[in-house]
Amino acid sequence: MKPNKQSLPDKNGFFGDYGGKFVPETLMYALEQLEETYLNLKDDDDFKKQFYKDLSEFVGRPSPLYFAERLTDYYGTGSIWLKREDLNHTGAHKINNTIGQILLAKHMGKKRIIAETGAGQHGVATATVAARLGLECHIYMGAEDVERQSLNVYRIKLLGAQVHKVDSGSATLKDALNEALRDWVTNVDDTYYIIGSVTGPHPYPMIVRDFNSVVGEELISQSKELFNKMPDAIVACVGGGSNAMGAFYPFINIAGTRLIGVEAGGEGVETGEHAAPLNDGSPGVLHGALSYLMQDDSGQVKSTKSVSAGLDYPGVGPEHSWLKDSGRAEYVAVSDDAALKAFHQVSEFEGIIPALETAHAFAYLDTLMKGFDSNSNIVVNVSGRGDKDINTVAEIDGIKF
Amino acid sequence: MNRLTKKLTDLKDKNKKALVAYLVAGDPDIETTLHLMKLFVEAGVDVLEIGVPFTDPIAEGPIIQKAHDRALKQDVSLSSIFKMIKKFRVDDKQTPLVLMGYLNTFLSHKNLIEDNEDSAIDSILVVDIPGELNLADYGIENKNVNTISLISPTTNKDRIKSIAKNSSGFVYYVTLRGVTGASNLNINEVSKNIEEIKKYAFVPTLAGFGIKSPEDAKLLSECSDGVIIGSSLVKMIEENSQSKEFDRISKYITEIKQAIS
């Protein structure tokens, strides 16, 4: 099948073999309602006007496409450009999606907002938009992530939301998602669930992708303006895959641009201790969608390992699985060590402290840049800033405050 | 005829309500589960529903989640469950068995369900698939194993109709908005929805989720063809798993049975 960005997902929510709606019956009605609302609103002029107004005035879009001069010199084989999602209000791409979904929630008359979060960025972005509309907000977060992202936990609380620590299972992002789904099953009548990535049951992967696609749309016009052609490659980190999907989607039909997703290799893909389902997983069903999944022979979901809380997830958005199988996008993995090295390097070379998630995309430049000549243009999607990770990195470096 | 269909038809002919009881395979270990299955049947359970443990059971409340975790610590999988059922079937060839679990574990063991050696199981209930679909839609083919469909308080009338019409075994009516073991039962709503289901379903409609006492069971049995009890039993199993003294459970099942008779 030839990839066509206009055609997917199909009416059942599938991207090729992947996606769908695998949820308890109680949620089916809520998903149908959400889909109907979204399809009615997405091309509505007033809705679009409000969405872009909020992105401009509240988030500060468009985010710049910035020439990384010292990194470019360091590799010496092509220009490196940074799509600065880290400069968005709240510090990551996550706000693009929450700005859009809170408008859907408001339109549907929902009074209560829930969300899961891993690194805490989606929790902050959700608490932020809920505060703006004065809506009750509950954020589910794995106990391990509450520990390693304590700064974001406090930010969420400052924004007036309640943080629910999740102790079950592996106490990370996947368990936070389980608990958010359980809340939704119980409070489905008055509650809107803002999923934070291109994961979950249909229509979420489509909705989250569409709201994040502003990143790729801006990239097209900025590339024309700054180097007068399309990028040769776009590199983005992939956990659930929302920042990558937002950057990739408008480029799916632009054949000259390589799309490269970088997964969390943890201690190394070969060790099995990682969070790289597209590199070392198989198709399975988790959290409402069929997609690549880290699972054992009995169909049990494996625990993941990554220094980055935002990538520490055993599944991935179904559209990425389809892009992988169709060959349109490439998916690689880099280890914790490589990501940490890139974290320091980008901070020192460019004056930008990237999120640990984003550092994975930077780390892959070591391999990628060898294949390009000096006329090429490579874009790294800087999905978020690293302020939230200072404690984690300091601890690894043996520093106590 | 499939054991489940036969059992439910017999009960209906005698104007009796069905009692379905749930437990998680491997909680606290496979041997105890096997013992409990026999004990349940002796105490009056008509159909056994065996929970297949999964790492991410999104429809379960805390009581059953913990039971899944305990079972997974024993490395229980669908293949060890089929081995356990084989032992169960040595003495009991009559009691219908329903496997209840999440799609991913069934997809990983297609062959076990397709073989279903010696007709060990009768039915499968997949918590996380839409009500209209059955395992054949996911490439698992076995004509003697049917898929039980769920209908919930939020299922709209159009879908109630299409799910009920296509159901086999029984229709599982989820009595509340919530996870297993929740406690916000609304009997009026339940009774209205079951009436709607019965307009279309060719099979009995049983009510589950949120039954905490013989009184709840009695109320629900009055508007349905039977009841499913889960969390309250799993809680008792947890509380007595050290001593392995399960008299309390037998007594509780007997009380429920009397309440719905």
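In what follows, every chain begins at residue 1, and chains take the letters A, B, ... in the order their sequences are listed.
Taking the side chain as every heavy atom from C-beta outward, B/Phe106 and B/Leu112 never approach each other to under 4.5 Å. Looking at B/His68 and B/Val24, their side chains come closer than 4.5 Å, going by heavy atoms from C-beta outward.
Of the atoms belonging to A/Thr26, heavy atoms from both backbone and side chain fall under 4.5 Å from chain B. Proximity to chain A (any heavy atom under 4.5 Å) is restricted, for B/Tyr138, to the side chain, taken from C-beta onward. Heavy-atom distances place the backbone of B/Ile151, and not its side chain, under 4.5 Å from chain A. Heavy-atom distances place the side chain of B/Leu107, and not its backbone, under 4.5 Å from chain A. Residue B/Pro57 touches chain A through both its backbone and its side chain, counting heavy-atom pairs closer than 4.5 Å. Of the atoms belonging to B/Leu103, it is side-chain heavy atoms, and not backbone ones, that fall under 4.5 Å from chain A.
Ion pairing between a basic and an acidic side chain is recognised when a charged N comes within 4.0 Å of a carboxylate O; A/Lys111 and A/Asp190 show no such pairing. Ion pairing between B/Lys199 and B/Glu195 fails under the 4.0 Å rule for side-chain N and carboxylate O. A salt bridge is defined here as a Lys NZ or Arg NE, NH1 or NH2 lying under 4.0 Å from an Asp or Glu carboxylate O, and B/Arg89 with B/Asp118 fails to meet this definition. Between A/Glu179 and A/Arg182, at least one side-chain N (NZ, or NE/NH1/NH2) sits under 4.0 Å from a carboxylate O, which counts as a salt bridge.
Below 30°, between 30° and 60°, or above 60°: for A/Trp184 and A/Tyr193 the angle between ring planes is above 60°, a perpendicular geometry.
Atom NZ of B/Lys161 has 12 or fewer neighbouring heavy atoms from other residues, nucleotides or ligands inside a 6.0 Å radius.
Comparing A/Asp183, A/Asp189, A/Leu177, A/Leu293 by how many heavy-atom pairs each has under 4.5 Å with chain B, the most go to A/Asp189. By number of non-hydrogen pairs under 4.5 angstrom with chain B, the leading residue of A/Leu181, A/Asp175, A/Val185 is A/Val185.
Against chain B, the residues from residues 299-317 of chain A that qualify, each with a non-hydrogen atom under 4.5 angstrom away, are A/Gly299, A/Gln300, A/Val301 in number order.
Side chains of A/Gln101 and A/Tyr204: no donor on one and acceptor on the other come within 3.5 Å.
Distance alone, capped at 3.5 Å, is enough to place a donor-acceptor pair between the A/Asn97 side chain and the A/Ile195 backbone.
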